[in-house]
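We use all heavy atoms of the structure for the numbers below, so side chains are in, but hydrogens, waters and symmetry mates are not. Every value quoted in this text rests on a predicted model; they were computed, and no experiment measured them.
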Amino acid sequence: MDEQKNQVTAEELAGEKMVDEAFQRLLNSYLASRHRKKVDIITKAFNFARQAHKGVKRLSGEPYIMHPIAVALIASEEMGLGSTSICSALLHDVVEDTDYTVEDISNIFGPKIAQIVDGLTKISGGIFGEQASAQAENFKKLLLTMSDDIRVILIKICDRLHNMRTLASQPANKQYKIAGETLYIYAPLANRLGLNKIKSELENLSFRFEHPEEYARIESQLAETAGKRDELFANFISPIEEALNEMGLKHRIIKRVKSPYSIWNKMQTKHVTFDQIYDILAVRIIFTPTQEADEINECFDIYVALTKIYKSHPDRLREWLNHPKANGYQALHVTLMSGEGRWIEVQIRSERMDEVAEQGFAAHWKYKEGEEIAEDEGELGDWLSTIKEILDDPQPDAMDFLDAIKLNLFASEIFVFTPKGEIKTMPAGCTALDFAFQIHTFLGSHCIGAKVNHKLVPLSHKLESGDQVEILTSNSQHVQPSWVNFVSTAKAKGKIQAILRRDSRETQKQGEKILQDFLSRNDMEMTTSVLDKLCEIHETPKHEDLFLAIGLKNIILGEKDIDEIHGKSQKDDNQSKGWRRYVPFVGKKKDKEDSKDRQQSYITVDKDFNRKKPVYINENNISQFIFPSCCHPIPGDDALGFIDGRNRIEIHKRNCPVASKLKSTYGKRILDAKWDMHKQLFFDATIQITGIDRIGLLLEVTQIISAQMNVNIHRVTIQCDQGIFDGTIELRIHDRQDVATIVENLKQVNGLQDIKQII
């Protein structure tokens, strides 16, 4: 017994020591920063949180307090935040996980820290819960609290980053949910806030947990090609170093290697192999300006010096110096041809610009602790105003609301001019109608067209950077339902839907009044049963739809309706149904019974089902899973399961766009799925080939696939134009490995330039 007690004490002492060392690291990081030194309040917050979480452990086995310390360290070291943020990070789980309240925090640490902790508590447990509407509600709360103090969202990103770094201790289905949510919300949010380093790490960690084999393969390919890249970098920067030294600029040149996630993403979207990605290496020149006011001019001076050494790509000059991105990013990007014949992108930034690029708004405003963010604080204020506009009129459908936020906040920007020459920042892909709503709701709702660069264009015309736009209006114009299909900004979508909803409510009221009068004339009251009967007669799902249809004059009420309500014409069923008597399947019960029978053949998830264990797909049970057409998974693909509304299991690829949304919106319904196939069943796969035509080439291709590999070719489509051919080959294969082997073998065929698998 004593031995056990001693062991527990030794464990506790080791834990205490670990916690003390972690807190000392946090203090050292804070003391090395430029912030005012408020060590007392940070120590007080640490001791308070330590006591509150005493005895609680994380899944990894370490004391729970290690998590708040780690989050505070990220806030201090990687975001450059000060004491208010560090204290809030240390306390961020206290209200949620213990008996302390926000009032307690306010009494001990003051209202500002309490407000941030309250904001973090509201959006805890991931942005999303089980129901889609609740998820968007939580997201709305997150944005509302962020409008009060952006530190809420910054600390939430720190919290998510630490959760991702320690994700290995979670079961696989939880990993997919958290990783999917991270890619869907947190990485784009970090990007929008200019937290480039953190965005890349969040993407890479998500990629690593969702596609471990792909991640390991790209990592090893990067390691194999590192020597060549180092040599290319050294040769490329040697003359640049000389030129910059001659200019007398204090500088440093660093090489930037594309992240595994970015490489994989490009391989997926462009259908290319690792060897075909040529922008893995980029070069960054960071200099200290001789005078703060001259930093933009000095960027251009460096650019001129570089173009004297190397030829620059005419279409790849990107200038974000005079017009920074909305997240504060400033730099000059130029693409140069190296001596080895490779295009290399060079990013030119001052030290200040580099700090803003890496730390985003945290570096941008360099918080004076305790101060509020001013509404007019440049781009940050503009962004927060945009959020408030969206929240003023949220859409009733919660997921639409979420999509609108993503669409508006995470899009890349273009710069558009008003007729008077004012610059407006708009999301890329926006239309003239978006621009009209951006200026004023009245302009948008009465817009009939626009003049872009003095040429007349329709409302749906897509704007480009540098366009000068004049909006044309007419008082007789009204908002049309079709407008929703081509606007892209959240503000325009929200306003159009709000106006349509308002118009529809008025039409509903008119319809209700017409129905009320009709029933009164026939000595009847408007009861629920009467409305239900009329909905059944006119095949409208809801009472509101019935009112709307009557208001729009799509339904004209008459004697027949009165007879139907009283049940007089039920004897002559064919007569009452009119045209519907010729459609035998409408309203019959047989369909429901058939679908019930079909449903029983699927595996269903009940309350005893263990969601933490993977589901195995094999030859015997594959027909009991649903395979949606969105991503066409085949054995060998990284897959996951999703429990649908009827408790059946859908199988998706982990990188399927639909699955991305499911992971971030219905996280608790995600299952780990693994293949247990033995090359007995066949699946469809398509390979696309392009190359230079020659006699016998197609024969050689088909021989490799059919004769050498014994794979059944389902269909071949080839077209040739001026000696260049492209085509598709549809195959019947066992698994993903078969496809990879075929692609590798086809690479040996002389004349084949490009081979892609389209699955």
Would you say the side chain of Leu332 lies within less than 4.5 Å of the side chain of Trp320, judging by non-hydrogen atoms? no
Is the closest basic N to carboxylate O distance between Lys663 and Glu210 below 4.0 Å? yes
Could you tell me which non-hydrogen atom of Asp672 sits nearest to which non-hydrogen atom of Ala172, and how far apart they are? OD2-CB, 3.2 Å
Full working for salt bridge (charged side-chain N to carboxylate O under 4.0 Å, His left out) between Glu355 and Arg352: CA-CA 5 Å; Glu355 202 175 348; Arg352 182 195 64 80; over 6 Å; no
Spell out, as yes or no, whether a donor-acceptor pair under 3.5 Å connects the side chain of Thr225 to the backbone of Gln221. yes
List the atom of Ile692, the atom of Leu697, and the distance in Å for their closest heavy-atom pair. O-CD1, 3.8 Å
Quick one: CZ on Phe274 to CD1 on Ile277, what's the gap to the nearest 0.5 Å? 7.0 Å
So, does Asp637 use its side chain to make a donor-acceptor pair with the main chain of Ile634 at under 3.5 Å? yes
A side-chain contact here means heavy atoms from C-beta on lying under 4.5 Å apart; do Pro324 and Tyr329 qualify? no
Are the side chains of Leu249 and Thr288 in touch, meaning some heavy atoms are under 4.5 Å apart? no
Answer yes when Glu231 and Lys228 have at least one side-chain N-carboxylate O distance shorter than 4.0 Å, and no when they do not. no
Just how far is it from atom NZ of Lys674 to atom CG of Asp638, taken to the nearest 0.5 Å? 9.0 Å
Got a sec: does the NZ of Lys199 have more than 12 other heavy atoms crowding it under 6.0 Å? yes
Could you tell me if the side chain of Ile157 sits less than 4.5 Å from the side chain of Tyr186, heavy atoms only? yes
Arg669/Asp644 ion pair, N-O < 4.0 Å: no
For Met337 and Trp343, work out which heavy atoms get closest and say how close. CE-CE2, 3.4 Å
SB check Arg25 Glu21 (cutoff 4.0 Å): no
Going by heavy atoms in the side chains, are Leu281 and Leu232 under 4.5 Å from each other? yes
Please answer whether the main-chain N or O of Glu241 pairs with a side-chain N or O of Asn245 as donor and acceptor at a distance below 3.5 Å. yes
In terms of relative ring orientation, are His211 and Phe207 parallel, tilted or perpendicular, with 30° and 60° separating the classes? tilted
When rounded to the nearest 0.5 Å, the distance separating CD1 of Ile280 from OG of Ser262 is 10.5 Å
I'd like to check Leu746 versus Leu752 (side-chain heavy atoms, cut-off strictly below 4.5 Å). Are they in contact? yes
Assess the residue pair Arg732 and Asp684 against the criterion (salt bridge (charged side-chain N to carboxylate O under 4.0 Å, His left out)); give the C-alpha distance rounded to whole Å, side-chain angles, the decisive distance to 0.1 Å, and a yes or no. CA-CA 5 Å; Arg732 305 279 288 150; Asp684 293 325; 2.7 Å; yes
Inter-residue atom distance Lys311.NZ - Leu306.CG, 0.5 Å rounding: 15.0 Å
Give a yes or no on whether a salt bridge exists between Lys747 and Glu744, defined as a side-chain N under 4.0 angstrom from a carboxylate O. yes
Side-chain contact test, heavy atoms from C-beta onward, threshold under 4.5 Å: evaluate it for Asp159 versus His67 and give yes or no. yes
Identify the two heavy atoms, one from Ile198 and one from Met79, that lie closest to each other, and give their separation to 0.1 Å. CD1-CE, 3.7 Å
Answer yes or no: are there more than 12 heavy-atom neighbours, outside Glu219 itself, under 6.0 Å from its atom CD? yes
Does the pair Arg694/Glu700 count as a salt bridge with the N-to-O cut at 4.0 Å? yes
His678 and Asn618: side chain to side chain donor-acceptor pair (under 3.5 Å), yes or no, with the steps? CA-CA 8 Å; His678 307 91; Asn618 56 43; over 6 Å; no
When you check the gap from the basic side-chain N to the acidic O, do Arg256 and Asp279 get nearer than 4.0 Å? no
What about the rings of Phe682 and His734, do their centers lie closer together than 6.0 Å? yes
Test Arg160 against Thr182 for side chain to side chain donor-acceptor pair (under 3.5 Å), laying out the working first. CA-CA 8 Å; Arg160 177 48 58 114; Thr182 300; 3.0 Å; yes
Determine, for Arg165 against Glu201, whether the closest basic-nitrogen to carboxylate-oxygen distance falls under 4.0 angstrom. yes
Side chains of Phe642 and Ile651 in contact at under 4.5 Å (non-hydrogen atoms): no
Whether Trp264 and Tyr261 hold their rings parallel, tilted or perpendicular, with breakpoints at 30° and 60°: tilted
Can any side-chain N or O of Ser169 pair as donor or acceptor with the backbone N or O of Thr166 at less than 3.5 Å? yes
If you measure from the Lys or Arg side-chain nitrogens to the Asp or Glu carboxylate oxygens, is any gap between Glu358 and Arg284 under 4.0 Å? yes
Ring center gap for Phe236 and Tyr310 short of 6.0 angstrom: yes
Using only atom types and a distance under 3.5 Å, with no angle test, would you say the side chain of Ser238 pairs donor to acceptor with the backbone of Asn235? no
Any side-chain to backbone donor/acceptor pair from Arg349 onto Ile286? Under 3.5 Å, distance only. no
Donor-acceptor contact below 3.5 Å, side chain Asp726 vs main chain Ile718: no
Donor-acceptor pair, side chain of Gln330 and main chain of Leu321, under 3.5 angstrom: yes
Quick one: do Glu78 and Lys197 make a salt bridge, cutoff under 4.0 Å? no
Atom CD of Gln680: over 12 foreign heavy atoms under 6.0 Å: yes
First locate atom NZ of Lys258, then atom CG of Leu222, and finally report the distance between them rounded to the nearest 0.5 Å. 11.0 Å
Report yes or no: does Ser76 contribute a side-chain atom to a donor-acceptor pair with the main-chain N or O of Leu73 at less than 3.5 Å? no
Any chance you could lay out the side chain to side chain donor-acceptor pair (under 3.5 Å) test for Arg318 and Gln347, step after step, and finish with the verdict? CA-CA 9 Å; Arg318 300 282 181 269; Gln347 302 167 354; over 6 Å; no
Salt bridge or not for Asp738 and Lys679, using N-O below 4.0 Å? yes
Could you report the tightest heavy-atom contact between Gly641 and Ile649, atom names first, then the distance? CA-CG2, 4.1 Å
Test log, rule side-chain contact (heavy atoms from CB on, under 4.5 Å), inputs Asp354 and Arg252: CA-CA 11 Å; Asp354 187 60; Arg252 54 198 170 98; 3.6 Å; yes
Atom pair CG/CG of Asn655 and Leu183 - distance to nearest 0.5 Å: 10.5 Å
Pair Glu345, His313 - check side chain to side chain donor-acceptor pair (under 3.5 Å), show working. CA-CA 9 Å; Glu345 185 183 72; His313 195 298; over 6 Å; no
Where is the tightest heavy-atom contact between Met677 and Ile622, given as atom of each residue plus distance? CE-CD1, 3.8 Å
Carefully, step by step, assess Lys177 and Glu181 under the rule salt bridge (charged side-chain N to carboxylate O under 4.0 Å, His left out). CA-CA 6 Å; Lys177 173 218 183 261; Glu181 195 177 84; 3.3 Å; yes
